[in-house]
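This report refers to the structure that appears directly beneath it.
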Amino acid sequence: MLTEEEFLALAKAHYTQLQALQEKNTFYEHEQAFDQIWQELGQQVLEKTISQPGQDRRKKKA
């Protein structure tokens, strides 16, 4: 189970990366980096909310 404190800690860990986006020269670079940051954060949040990920990434559990 993901607590509010854990979520805020995960989001805070990515805050500096989000601030660094201001240094990107083009919108395309900005968008790519923004998307990557949010995908990483989303994956971490999802993993924390469902449980510990299994060893076999291909195996699905109901």
Quiz item: Taking C-beta and beyond as the side chain, do L41 and I37 meet within less than 4.5 Å on heavy atoms?
Solution: no
Self-check item: Path from L18 to L10 over hydrophobic side-chain contacts below 4.5 Å
Solution: yes
Practice problem: For Q39 and Q43, run side chain to side chain donor-acceptor pair (under 3.5 Å): C-alpha distance rounded to whole Å, both residues' side-chain angles, the deciding distance at 0.1 Å, then the answer. | Solution: CA-CA 6 Å; Q39 283 184 6; Q43 179 182 1; over 6 Å; no
Quiz prompt | With sequence neighbours excluded, residues passing side-chain contact (heavy atoms from CB on, under 4.5 Å) with E6 | solution = L2, T3
Self-check item: Of all pairs that satisfy side chain to side chain donor-acceptor pair (under 3.5 Å), the ones with a partner from residues 7-24, not counting sequence neighbours
Solution: H14-Q17, H14-Q44, Y15-Q19
Expected list for residues 25-33: side-chain donor-acceptor pairs under 3.5 angstrom, two or more places apart:
residue: T26; atom: OG1; partner: E29; partner atom: N; Å: 3.2
residue: Y28; atom: OH; partner: Q32; partner atom: NE2; Å: 3.0
residue: E29; atom: OE1; partner: N25; partner atom: N; Å: 3.3
residue: H30; atom: ND1; partner: L21; partner atom: O; Å: 3.2

